[in-house]
Amino acid sequence: MAPGEQLFGRFMALERLQTYLIDELKSLENTYHKESRELVKDNPKTLSWTGETINLVEFGYGIWLTGQIKYGNASITEIIQWLEAHFNVKIGKAHRRWQSIMSRKRVPGKIYSSGKGRDIKKNR
């Protein structure tokens, strides 16, 4: 066996391991979100969002911009998915709704004025 073959074999094995681990993490994440939605549906005390979904998106972005969850380390995707699951709402593509919020003539809500270092304009 040539010296390069063993090294190449290790790289191939590591790539396969990486692919396997990524697939397992994705399946765990999907299972977590499915279980979370099922728990919410089974809970009789579940609150439902009765306002417009655009307002829920603005609420989610407000939480994200001010860093209120996971010490500011929660992604906007995590926050939106949590809001969807717990308020039993389908938001869809939140970034498109955020673009429509930012294109409004009026200034976004007061919640954004206390943003901890996040710039609203970066999402325009």
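On a predicted model such as this, the values are computed, not experimentally measured, just so you know.
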* To do: May I have all residue pairs that pass salt bridge (charged side-chain N to carboxylate O under 4.0 Å, His left out) and include part of residues 65-74, sequence neighbours excluded?
  => K70-E78

Could you give the distance from [atom1] ([X]) to [atom2] ([Y]), rounded to the nearest 0.5 Å?
| X | Y | atom1 | atom2 | value |
| --- | --- | --- | --- | --- |
| F87 | T50 | CZ | OG1 | 9.5 Å |
| R16 | L21 | CZ | CG | 14.0 Å |
| I76 | L65 | CD1 | CG | 7.0 Å |

* **Remaining members of hydrophobic cluster (4.5 Å side-chain criterion), M12** => F8

* Asked: Quick one: hydrophobic cluster around Y71, which other residues, with the 4.5 Å side-chain cut-off, linked directly or via members?
  -> none

Work out which heavy atom in [X] is nearest to a heavy atom in [Y]; give both atom names and the distance.
| X | Y | answer |
| --- | --- | --- |
| T66 | I63 | OG1-O, 3.3 Å |
| E84 | I91 | OE2-N, 2.8 Å |
| L83 | L56 | CD1-O, 3.9 Å |

* Asked: Quick check: are there more than 12 heavy atoms from other residues, nucleotides or ligands sitting under 6.0 Å from CD of E24?
  -> yes

* Decide yes or no for W64 and I80: does some side-chain heavy atom of the first lie under 4.5 Å from some side-chain heavy atom of the second? => no

* Asked: Are the side chains of T77 and Q81 in touch, meaning some heavy atoms are under 4.5 Å apart?
  -> yes

